Amino acid sequence: MPTAAIKTLGCKLNQYESQQMREQLLRLGYTIVDVDCPADLYIVNSCTVTHHADSDTRRLARRAKRLNPHAYVVVTGCYPQVARQELAAIPEIDLVCDQEEKARLADVLPEALRHADATSTTSPHDHLVHQFAEHTRCFIKVQEGCNARCSYCIIPDARGPSRSVALSEVIEQARELARAGHPELVLIGTHLGQYGRDLKDDIDLTGLLLQLAALPEVRRLRLSSIEPREVTDELISLIAGGGRALDACCEGSSLDCAASKLCRYLHIPLQSGSNTVLQRMRRPYTSESYAALINRMHDAQPATGLGTDVIVGFPGETDEEFEQTRELLTSLPLSYLHVFTYSPRRGTPAADMPNQVPYPVALERNHVLRELSERKRESFARQMLGQTLETVLQTDEGDGWLRGVTDNYLQLRVQAPKTMLNSIRACTATDLNASTLIGTIQT
């Protein structure tokens with residue numbers, strides 16, 4: 001039987017789309033193997049957010065050919081959208097697919113690589129993901145593309161304009177994955193807060209949450225990254241009411257039901273705490289408005305996990321501007337930071353800006369904020385001691401220990417039987433090891 005391996009780089013959207021490709025390959029007669037194994041077909045689902053991601057794609061394609069010189073190597077994802085000819089010139093790469101082509105592998109792969117037998121059938125729902133392989137929590141793509149033009153970002157070129165997935169399709173995908181046994185569904189998109197603005201349905205992100213929460217199969221919902229100006233008062237109220245016992249949810253209003261199923265968590269990108277840097281980045285808010293939003297969310301529900309993205313070393317970033325960022329992040333009740341060192345992207349305005357920050361300077365700033373992130377993560381976890389947290393148990397660590405993710409996005413370990421894997425349990429946090437909670441399951 002022919003074998004295939006998929007390597008996914010980058011964001012949650014790519015992870016979802018790799019699952020779509022995996023299921024296409026299964027229907028084509030392939031057995032999926034680990035990417036470190038020799039395979040007949042390799043697919044690299046690429047990212048192009050940084051030059052390191054581009055380099056990783058090229059390296060992985062060449063490595064695949066070394067593992068099996070006779071393998072057919074495909075590169076797809078965001079990198080081909082902005083540099084297709086560059087990739088096509090690499091001898092180890094046999095096929096370059098753009099974003100639309102990876103959704104229909106059966107049409108773009110050579111006939112000799114399609115191995116489905118005569119009993120294979122197609123279904124109107126073939127484009128859906130029926131199960132996230134080796135995942136407990138799973139992703140649902142509800143939107144992709146972006147109409148914003150931040151000066152450093154290549155994603156509008158790689159993903160195209162903002163477009164939403166039809167409400168009926170999102171609901172069907174949610175039902176499919178919930179029925180497959182996934183206890184937590186994470187809604188993802190390039191610009192998630194834009195959901196519904198291009199649809200004929202009178203729907204927005206909060207409306208989508210209400211619709212999904214009303215499905216009895218759905219146990220828990222989480223939002224991925226959302227822009228500061230798209231966090232509404234209604235969304236804040238829903239998140240503030242989250243994390244309650246699941247069995248108490250649907251006796252009240254649809255808002256109560258949605259709140260009980262929605263995780264007390266948001267990831268809200270900041271990118272810089274300096275207003276002058278934000279202006280150069282073309283980010284449409286100020287550090288003051290961002291701080292007010294984070295504090296308002298914390299006041300509404302102090303147990304809410306609040307994460308952010310921040311870029312260091314943006315062109316022209318002075319010591320004073322970096323210090324403004326560090327001071328703002330230190331002062332805010334954030335639970336963790338994702339810190340990125342600025343990477344010039346060809347074709348973006350920032351790549352041609354003067355006063356590019358030397359890499360060693362940017363790297364040192366990265367280290368400063370990563371250390372701050374670790375302190376914040378541990379501090380937030382410590383605040384949860386004594387509290388009971390709804391936790392998805394997803395990993396068997398051996399010796400009777402299971403590891404899970406709490407609704408407010410903390411790691412928690414408990415001693416419990418393996419039969420509790422892939423379930424949601426109420427766990428009381430009793431101790432702390434670094435930033436990982438130690439808990440006991442409530443019965």
Side-chain angles (χ1 to χ4, degrees), residues 6-18 20-21 42-65 72-105 107-109 141 143-165 188-192 194 198 224-225 227 269 271 280-283 309 311 313-315 338 340-353 356-357 359 362:
I6 303 173
K7 178 62 178 179
T8 308
L9 300 174
C11 67
K12 295 178 175 68
L13 285 172
N14 265 6
Q15 293 182 49
Y16 176 86
E17 290 159 357
S18 284
Q20 287 181 312
M21 288 190 287
Y42 288 93
I43 297 178
V44 181
N45 194 6
S46 68
C47 171
T48 192
V49 168
T50 68
H51 68 274
H52 291 298
D54 290 349
S55 176
D56 285 343
T57 295
R58 298 189 298 268
R59 175 180 57 80
L60 287 164
R62 291 176 175 125
R63 179 176 178 271
K65 218 65 165 184
Y72 194 83
V73 178
V74 178
V75 172
T76 185
C78 289
Y79 193 179
Q81 296 294 124
V82 298
R84 187 176 187 124
Q85 296 305 314
E86 176 182 311
L87 288 167
I90 297 174
E92 290 86 354
I93 297 174
D94 298 295
L95 179 66
V96 180
C97 293
D98 62 25
Q99 299 284 22
E100 292 185 1
E101 289 171 325
K102 73 178 175 184
R104 47 186 183 86
L105 281 179
D107 296 329
V108 299
L109 288 177
K141 181 171 77 172
Q143 183 276 343
E144 73 170 313
C146 184
N147 296 334
R149 282 286 176 177
C150 298
S151 63
Y152 53 84
C153 187
I154 196 67
I155 294 305
D157 294 329
R159 284 278 176 183
S162 177
R163 53 209 186 275
S164 306
V165 178
I188 61 171
T190 315
H191 198 161
L192 189 61
Q194 293 286 304
D198 58 323
S224 61
S225 181
E227 289 295 313
Q271 308 304 9
R280 296 200 297 275
M281 289 179 166
R282 299 182 183 173
R283 299 288 288 175
D309 293 333
I311 297 172
F314 188 77
H338 281 168
F340 301 90
T341 300
Y342 169 73
S343 177
R345 296 284 76 200
R346 185 174 53 202
T348 63
D352 296 323
M353 287 182 179
Q356 298 283 323
V357 176
Y359 182 73

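Nothing fancy with the numbering, it's 1 onward along the sequence. Fair warning: this is a prediction, and the values are worked out from it, not measured in the lab.
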*Please check if any side-chain donor atom of Q143 sits under 3.5 Å from a side-chain acceptor atom of S162, or the reverse.*
yes
*Among side-chain atoms of T8 and N45, is any donor-acceptor pair under 3.5 angstrom?*
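No, no side-chain donor-acceptor contact under 3.5 Å.
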Is there a side-chain contact between [X] and [Y] in this structure, where contact means two heavy atoms from C-beta onward sitting under 4.5 Å apart?
X    : Y    : answer
D157 : T348 : no
L9   : L60  : yes
R63  : Y42  : no
Y342 : I311 : yes
V44  : Y79  : no

Taking [X] for the side chain and [Y] for the main chain, is one N or O donor matched with an acceptor at less than 3.5 Å?
X    : Y    : result
T190 : G145 : yes
Q99  : P80  : no
D309 : Q271 : no
S343 : H51  : yes
T57  : S46  : no
S18  : N14  : yes
S151 : A350 : no

*asked:* Go through it in stages, so that I can follow the logic: the residues are Q194 and E227, the test is side-chain contact (heavy atoms from CB on, under 4.5 Å), and I'd like the CA-CA distance, side-chain angles, deciding distance and then a yes or no.
replied: CA-CA 9 Å; Q194 293 286 304; E227 289 295 313; over 6 Å; no
[X] and [Y]: which non-hydrogen atoms are nearest, and at how many Å?
X    : Y    : answer
V108 : C97  : CG2-SG, 4.0 Å
T48  : A158 : CG2-CB, 4.1 Å
G189 : S224 : N-OG, 4.1 Å
L87  : V75  : CD1-CG1, 3.9 Å

Is it true that, when you exclude [X] itself, more than 12 heavy atoms of the residues, nucleotides or ligands shown sit nearer than 6.0 Å to its [atom1]?
X    : atom1 : answer
K141 : NZ    : yes
E100 : CD    : no
R346 : CZ    : no

*What do the steps show when you test T341 against Y359 for side-chain contact (heavy atoms from CB on, under 4.5 Å), and what is the final call?*
CA-CA 8 Å; T341 300; Y359 182 73; 4.1 Å; yes
_Sole candidate of Q81, H191, E144 that passes side-chain contact (heavy atoms from CB on, under 4.5 Å) when paired with R159_ = E144
Mind checking the [atom1]-[atom2] spacing from [X] to [Y]? Nearest 0.5 Å is all I need.
X    : Y    : atom1 : atom2 : answer
L192 : C146 : CG    : SG    : 11.5 Å
C150 : R280 : SG    : CZ    : 14.5 Å
M21  : Y16  : CE    : OH    : 12.0 Å

*Does the pair E101 and T76 meet the rule for a side-chain contact (heavy atoms from CB on, under 4.5 Å), with working shown?*
CA-CA 8 Å; E101 289 171 325; T76 185; over 6 Å; no
*Among R62, R59, R58, which one satisfies salt bridge (Lys or Arg N to Asp or Glu O under 4.0 Å) with E92?*
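Exactly one candidate clears the test, R62.
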_Tell me whether K7 is salt-bridged to D56, with the criterion being a basic N under 4.0 Å from an acidic carboxylate O._
no
*Before accepting this row, confirm whether a basic side-chain N of the pair R345/D54 lies closer than 4.0 Å to the acidic partner's carboxylate O.*
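Here R345 pairs with D54 in a salt bridge, since their nearest N and O are under 4.0 Å apart.
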*asked:* For I43 and L105: C-alpha separation, side-chain torsions, deciding distance, then whether side-chain contact (heavy atoms from CB on, under 4.5 Å) applies.
replied: CA-CA 11 Å; I43 297 178; L105 281 179; 3.7 Å; yes
